[in-house]
Structure formats: structure tokens, C-alpha cells
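Data first, discussion second: the structure below is written as C-alpha cells.
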Amino acid sequence: MMGLLSFSLAVSGLSGIAAAMPKHQRDLFGRTTEPGRARASRVAGWLLLAGSLIAALSFWPVSVGLAGWTGLVGAASFVVALCLTYRPRALLPGAAVALAASLCGWAVQGWIS
Amino acid sequence: MKEGLRQSMAWLHSWAGLLVGWVLFFVFVTGTLGYVNTEIDHWMRPEEPLLSRPLPPQELLPRAVDYLRAKAPDAQNWYITFPGARGNRDFTAAWRERPAEGEEYGKYTRDRLDQATGRRIVAEPRETGGGSTLYRMHYELHYMPYDWGIRIVGICAMFMLVAIVSGVITHKKIFADFFTFRPAKGQRSWLDGHNLLSVAGLPFHLMITYSGLVIFMFAYMPVGPDLIFGADQRDRFFQQAYGYEPQDDKPPAPHAVLAPIGPMIAQAEQMWGPGQIDRVSIDNPGRADARVFVSRVSGSTLTWGGDLRFDGVSGKFHPEPEKPPRTANVIGDVLRSLHEGIFAGPIIRLLYLICGASGAAMIGTGLTLWSTKRKVKLAKSGKAHFGIAVVDRLNVGTIIGLPIAVAAYFWANRLIPVGLEHRADWEVHAMFITWAVMFIYPIWRPLPRAWIEMCWLAAAAFALIPLLNALTTDRHLGVSIPAGDWILAGFDLSALGTGLFFGWLARKLARRAAQPAPAARKTRSPAVPAPQVAH
């Protein structure tokens with residue numbers, strides 16, 4: 001579950017970073033956004049990415065976690081890029097749903113055990 | 001330098017990549033399959049029992065000890081592996097005898113034991129190279145001496161490192177284009193795809209290439225140690241660098257009763273939690289200098305050394321390591337572990353597979369890009385070029401031909417009669433004969449047709465594997481899924497998935513070839529008929 005959480009955090013983080021790039025804003029929103037909002041989504045993106053690393057390190061032993069997280073982020077960037085190409089409008093809602101679902105899953109798992 | 005750095009790096013990147021690209025594609029495909037070598041082994045030995053829930057080590061241990069006591073009471077080492085961990089499907093007892101006069105090592109024997117009775121399992125599965133043969137090909141190739149194979153792969157890997165670094169320099173907008181993929185735009189799309197695959201997997205590509213070179217560094221750069229220690233003093237160098245000890249010829253210590261091992265693994269289980277014990281090794285069992293090592297399943301760190309050490313007579317636990325680990329050793333272990341994914345559980349193993357496949361795809365798109373780019377230039381001048389035609393044929397023969405050859409390897413495993421002599425060799429021959437045919441076939445076909453037809457062949461070769469399995473064994477999906485043997489079922493389902501992927505690719509290429517090249521499009525996709533070349 002923690003692995004899934006780390007992955008959806010990485011996808012959300014990278015989506016946030018992509019949403020800060022004018023090139024992708026047209027795909028995501030149909031227009032470019034004002035600089036303030038772009039900066040906010042960039043910051044949020046990096047924070048989510050940091051959260052993804054924390055989740056990975058709590059899931060795996062530290063050295064293993066660093067290696068695994070590198071791979072997770074690579075796979076996540078691939079997902080984000082393909083989504084931006086083929087389903088740009090679905091990227092941000094999709095990332096939010098995935099993140100919410102894995103957060104719920106994590107909470108439920110923690111509550112059960 | 002007349003040209004800018006970026007142009008010269010682009011030149012270096014495209015030629016370094018082309019020169020070794022075909023070998024590297026083979027290395028990446030077989031190496032990626034190596035991450036699931038034991039899973040492939042399991043599928044290729046259908047006589048083996050289905051995966052079942054293993055009994056706990058506490059229950060199995062006495063059976064193995066009794067077996068070893070009866071078989072080899074005075075061995076130099078005993079090794080007991082418990083089933084459960086990846087690649088450790090069997091409950092085994094192994095031993096090494098004391099070396100005879102004039103020998104360096106004693107004879108090693110490994111027996112598989114029945115978990116319930118502790119008796120030796122006599123039935124042998126069919127002779128097969130399994131996934132391990134594919135895995136070995138990625139560094140030693142095949143049909144040539146080991147020393148040649150590792151050196152050829154080593155030279156290619158050095159070119160790979162050059163191609164990676166020069167590629168990063170050539171890439172104009174690594175961050176701005178991080179998420180960019182523009183499909184159906186011919187050369188532009190190939191470049192985007194190549195960049196995306198390369199950048200997303202960059203940490204893996206760098207790590208895998210560099211660590212692969214480091215694993216064989218003394219084969220690739222033998223001069224350093226030889227200069228300092230002398231060419232005949234390799235042993236002395238390895239002793240100093242890594243702390244390897246020479247075999248000692250001490251006479252065996254006097255007899256002593258072996259301490260009970262049950263409490264030792266109980267202590268290990270207490271420290272590590274359940275399901276963490278992988279194996280027990282006993283040095284000099286039944287002697288006064290006996291030692292017992294309990295080893296942990298991999299996955300807790302990037303280094304080895306999850307061993308607990310006990311005195312084999314008093315049973316006393318020694319928490320401190322026998323000798324402090326050496327820096328060179330630790331670095332070597334970490335790089336090797338990263339390269340081989342020794343620590344990888346299911347998620348990280350899946351990521352390794354994805355990264356490895358993205359590496360193969362990166363090389364494939366790079367090779368295609370090389371000829372696409374040149375064809376665009378040639379199309380303007382209206383000339384055909386023999387060299388590009390050769391590269392095109394080698395590309396399709398490698399990129400689609402090699403997967404077909406791998407499928408042929410799996411088909412051969414099921415179709416070659418079980419009793420045939422040199423059966424495992426013939427599996428490999430089947431693979432390489434198929435691959436050779438896949439290089440010959442596109443010579444007589446128009447290039448786009450060759451791509452499409454070979455994609456269809458690959459689709460059929462993989463998608464029919466579950467059916468072939470069902471017709472030739474009783475280990476098909478109808479058995480493996482209900483039994484919960486997801487390794488066996490996973491192989492069949494992955495083959496089916498691979499087949500569907502090639503089918504999708506074939507349809508995509510066919511649709512592209514059917515479209516007339518739009519005049520507005522400046523570049524040509526490789527599926528559009530290329531200038532024909534007379535052979």
C-alpha cells in the first residue's frame with residue numbers, strides 16, 4: 001500500500017510540475033495560467049515528490065528505498081508524459097483520485113493493523 | 001574545434017550508438033529477462049511441483065540435519081536452504097567434502113529434499129537452459145569463449161556509457177521537454193520517444209552500464225593490479241583489496257558434538273521476524289572449530305551480510321562481524337546488488353523490468369532514428385543508399401527478430417523431446433537459428449512489409465505460448481491459477497501480453513503504411529515506404 005501511495009504521490013508531484021510549464025498548461029487547461037498559480041503548482045509538485053520519497057523510505061529500508069524510489073519516479077514520469085499526450089484533461093483529476101484512493105487505502109490499512 | 005560542442009556530441013552519440021546498438025539491444029533484452037530468471041526457470045521445468053506453501057524452517061531443519069549427518073558426517077561445509085524466498089523454491093541440503101590430496105576444493109553435492117519426509121527427491125526435471133541461460137547471454141554472449149564474450153560486451157558497454165553522456169549533452173532541452181511526446185509526426189515522434197525513454201530511465205541506464213563495467217573491471221582493465229603485484233600475483237591482490245583468504249591446508253580440528261541449530265534459527269527469527277531465514281551454512285560440522293551462519297533473505301539492505309554467526313560447539317552467538325567489511329568490498333557489493341537487483345522484492349523487480357525494457361526501447365528507437373534521419377535527407381536528394389538499407393534490415397532483424405527468437409527458445413523448451421541428448425543446447429540453437437532466419441527474411445521483403453509481417457509473427461509466437469503450454473503440459477493457466485502458482489500463471493499471462501503488444505504494433509504500422517504520406521508532413525515515418533534499393 002505504501003508503495004502505491006509513493007507512486008501516486010510521485011505521479012501527482014510530477015503532474016504539478018508539468019502544470020507549471022506553459023507548454024503543458026495549454027494541454028491541461030486550454031490556456032496558460034498566471035505566473036503566481038504556476039509557481040504554486042511547481043512548489044506543490046516538489047512537495048508531493050518529497051512526500052513520495054518519504055513514503056518510499058518508510059516502506060523500504062533506506063538504501064533499498066532510495067533505489068526503488070528512483071525507479072518509481074522514472075515510471076511515474078513516463079505515465080505523466082503519456083497522459084499529457086493522449087489524455088491531457090484526465091491527468092490532474094486522475095492523479096488526484098489516485099492519490100486520494102491510496103491515502104484512503106493507507107489509512108484503512110493502518111486502522112486495521 | 002570548428003563545430004560546437006553539441007554538434008560534435010551529436011555526431012559521437014549517433015555513431016557510438018549505431019556501432020554497438022544491435023549488440024546492446026541483445027544485452028538489454030536478455031539482461032532484462034535475467035531479472036526474472038528463476039521465474040522463467042520454473043516455467044521451463046514443468047515437471048517440478050507447483051508452488052506450495054512452504055513449511056517453516058524450524059520444522060524443516062532437523063530433517064536436513066539428519067540427512068546431512070547420514071550422507072556426509074565429516075564434510076567441510078553443510079548448506080541448508082529453506083524454501084520460500086524468490087529463486088529458492090526447493091528445500092535443499094548440500095555439502096562440500098574435504099579436498100582430496102592435491103585438490104583445491106572438495107566435491108560439492110546438492111540434493112533436493114521432500115519437505116514432508118526429508119527424503120531426497122530423485123525425479124529430475126527436463127534438461128533445460130532455463131532463464132539462467134538467457135541471463136548469462138547478456139554478459140558472455142554465446143557460441144564463443146567466455147573471455148571473448150565478456151570483452152565484446154564490455155567494449156559495447158563502454159560505448160554505451162559514451163552514448164549516454166554524449167546524449168545528455170546533445171539533448172537540447174532536457175527539463176523543458178521532460179514530459180513531451182508528440183505522436184504521429186515521423187522523425188519528431190521518434191526523437192521524442194527516444195528522449196522520453198532515455199530521460200525517464202536515465203538513472204537506471206547510467207547505473208546499469210557503469211555497474212556492469214565495474215563487475216568485470218579486472219577483466220577490462222587488468223594492467224593496474226598486474227603492474228603493482230605482478231601478473232602471477234592476482235591472488236595476493238585480491239587478498240589485500242577484498243580480504244579473500246587463501247584456502248588453508250590446516251588439518252581438521254578434533255571431533256566435537258555439533259550444537260543444536262534450532263535455538264540459533266529461533267534467535268534469528270526473533271531478530272528478523274518470521275519468513276526471513278534463507279539458509280543455514282555450517283563450517284566444519286562435528287569438529288571443534290565448527291561455526292554456524294544463519295543468512296537472511298535479501299531485501300533488507302543493498303549490501304550482503306545479513307549473516308548471524310554462532311559457535312558450532314557452544315552455540316554461542318557472536319554479534320560482531322568476523323572481519324570488518326572493506327570499503328572496496330562494500331562498494332563492489334552495492335554496485336553488484338544494484339545491477340542484479342538482488343535486493344528487489346516484487347515492486348522493485350517490476351520496476352527493474354520496466355527500466356530494462358525502456359532501455360531496450362531506447363536503443364531500438366535510437367537505431368530507428370539513425371536511419372529515419374538519414375532517409376529524410378536522402379529523400380530530398382532522391383538518392384538511395386546501400387548502407388542505410390543494410391542498417392534498416394539489421395534494425396528490423398534485431399528489434400523484432402530477437403523477441404521472435406526468444407519466443408522460439410520457449411517453444412523449443414516445450415517441443416523438443418524430453419529425452420533428447422544435449423536438449424538444453426538445442427533450445428539455444430533453436431533461438432539462434434530463428435534469429436538468423438529473421439535477419440535473412442527482410443532482405444527479400446519491402447521494408448515496411450517486413451516490419452508488419454514480423455510484428456505479426458512475434459504477436460503469434462508470444463500469444464500462442466499459453467496454448468502451447470496447455471497442449472504440451474499439465475501446467476496451463478487452468479491449473480496454475482486455481483493452484484495459486486502466480487509465477488507459472490504470470491509467465492503465461494506475460495507471454496500473452498507481449499503477444500498483444502506486438503499485435504497492436506503490427507496494426508499500428510499497417511495503418512500507417514496504408515496512409516499515403518501527406519504532402520504537408522515534412523518528415524517520413526519509417527513505416528512509409530523507403531526508397532527501394534536494388535540488392
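Here is the naming used below: chain letters follow the sequence lines, and residue numbers restart at 1 for every chain. Everything numeric here is computed off the predicted structure, so don't read it as measured data.
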- Message: Please identify, among B:Ile354, B:Ile347, B:Leu350, the residue contributing the most non-hydrogen atom pairs under 4.5 Å to chain A.
- Response: B:Ile347

- Top contributor to chain B contacts, counting heavy-atom pairs under 4.5 Å, from A:Leu66, A:Ile17, A:Val80: A:Val80

- With a 4.5 angstrom heavy-atom cut-off, could you sort out which part of A:Leu14 is near chain B: side chain, backbone, both or neither? both

- Message: Under a 4.5 Å cutoff for heavy-atom pairs, which residue among A:Val73, A:Leu82, A:Thr85 has the most contacts with chain B?
- Response: A:Thr85

- Message: Is the shortest side-chain heavy-atom distance between B:His205 and B:Ser358 below 4.5 Å?
- Response: yes

- Query: So, the side chain of B:His138 versus the backbone of B:Tyr135: is there a donor-acceptor pair under 3.5 Å, distance only?
  - Reply: yes

- Task: Would you please classify the geometry between the B:Tyr352 ring and the B:Tyr35 ring as parallel, tilted or perpendicular, with 30° and 60° separating the classes?
- Result: tilted

- Test item: side-chain donor near acceptor, A:Thr33 and A:Gln25, under 3.5 Å: yes

- Query: So what's closer than 4.5 Å to chain B heavy atoms on A:Tyr86: side chain, backbone, both or neither?
  - Reply: side chain

- For chain B, find which of A:Ala67, A:Ser77, A:Gly71 contributes the most heavy-atom pairs closer than 4.5 angstrom. A:Ser77

- Message: Less than 4.5 Å to any heavy atom of chain A: does that hold for the side chain of B:Phe181, its backbone, both, or neither?
- Response: both

- Please look at A:Ala18 and chain B and tell me whether the side chain, the backbone, both or neither of the residue comes under 4.5 angstrom of a heavy atom of that chain. both

